[in-house]
Amino acid sequence: MVERATLASAQYFSLATFRRNGKEVATPVWFAEANGNYYVFSAGDAGKVKRIRGRAKARVAPCDVRGKVLGEWRDATARLVSESAEIAAAYRALRSKYGMRMATLDFFARLSGRFHRRALIAVIL
């Protein structure tokens, strides 16, 4: 019997956002919980960011790195984070969860100039 993963134990979740025509698009992402929200970062011009700007409806489920869903889908609301204190809290949570992997990713994002073009997404269940 395969054990179902929970969000609390997952390293990734599949973030499903919705196009204007209602079609769902799911993407495996890193996430971390802080202050009752789950935070995700992405390139600022990514499709999921554009879809969230247009529609806050989302769903999440624990998954593996390739996006294979390992648990139950949960309905959610997603929004882009713009307040600096919330951005700082989100990055603290992500760095705490992913440690050196997140630090390495941040280093190369800064080096390439992509760090400041990132978008932070708050997912509320």
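For the pair L125 and V60, the minimum side-chain heavy-atom distance is below 4.5 Å.
Counted within 6.0 Å of CZ on R74, heavy atoms from surrounding residues, nucleotides or ligands total 12 or fewer; the atom is thus considered open.
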side-chain contact (heavy atoms from CB on, under 4.5 Å) between R51 and R20, intermediate numbers included:
CA-CA 8 Å; R51 290 187 292 275; R20 277 184 255 151; over 6 Å; no
Could you go through N37 and V123, starting from their C-alpha distance and side-chain angles, then the distance that decides it, and tell me whether this counts as side-chain contact (heavy atoms from CB on, under 4.5 Å)?
CA-CA 6 Å; N37 294 318; V123 178; over 6 Å; no
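In this structure, CD1 in I87 is found 6.5 Å from OG in S82, a value given to the nearest 0.5 Å. In this structure, OG1 on T17 lies 12.0 Å from NZ on K50, to the nearest 0.5 angstrom. For the atom pair T77 OG1 and I52 CD1, the distance stands at 10.5 Å (nearest 0.5 Å). One distance of note links CZ of R95 with CZ of R101; it measures 15.0 Å at 0.5 Å rounding. Residue Y98 holds its OH atom at 7.0 Å from CH2 of W30, rounded to the nearest 0.5 Å. From I124, atom CD1 reaches atom CG of D75 across 13.0 Å, with rounding to the nearest 0.5 Å.
A distance-only check finds no donor-acceptor pair linking the side chain of R114 to the backbone of R110 [under 3.5 Å]. A distance-only check finds no donor-acceptor pair linking the side chain of K48 to the backbone of S42 [under 3.5 Å].
Nearest heavy-atom pair, V49 versus A119, reported as atom, atom and distance to 0.1 Å: CG2-CB, 3.8 Å. Of all non-hydrogen atoms in S112 and A109, the two that sit nearest each other are OG-O, 3.2 Å. Residues A89 and A34 come closest through the heavy atom pair O-CB, 4.3 Å. The shortest non-hydrogen separation linking C63 to L70 is C-CD1, 3.6 Å. The two residues G71 and A61 come nearest to each other via the heavy atoms O-CB, 4.1 Å. For the pair D64 and P28, the tightest heavy-atom approach, listed with the atom from each and the gap, is O-CB, 3.9 Å.
Considering only residues two or more places apart in sequence or on other chains, F41 meets the ring-ring contact (aromatic ring centres under 6.0 Å, His included) condition with none of them.
For the 3.5 Å distance criterion, the side chains of Y39 and E33 fail to qualify, holding no donor opposite an acceptor.
By the rule that hydrophobic residues join a cluster once side-chain heavy atoms approach within less than 4.5 Å of another member, F115 and V81 end up as members of one cluster. Criterion: ILVMFWY side-chain heavy atoms under 4.5 Å apart, direct or through other members. Under it, F18 and Y38 are not part of a common hydrophobic cluster. Follow the hydrophobic side-chain contacts under 4.5 Å out from M100 and you never reach F108; the two are in separate clusters. Residues W73 and V25 are members of separate hydrophobic clusters, defined by side-chain heavy-atom contacts under 4.5 angstrom among Ile, Leu, Val, Met, Phe, Trp and Tyr. Residues L7 and V29 are members of one and the same hydrophobic cluster, defined by side-chain heavy-atom contacts under 4.5 angstrom among Ile, Leu, Val, Met, Phe, Trp and Tyr.
With respect to D106 and R118, a salt bridge is recorded, a charged nitrogen being found less than 4.0 Å from a carboxylate O. A salt bridge between R59 and E72 is absent, with no side-chain N of the basic residue lying under 4.0 Å from a carboxylate O of the acidic one.
A cation-pi contact, defined as under 6.0 Å to the ring centre and within 45° of the axis, is absent between K68 and Y12.
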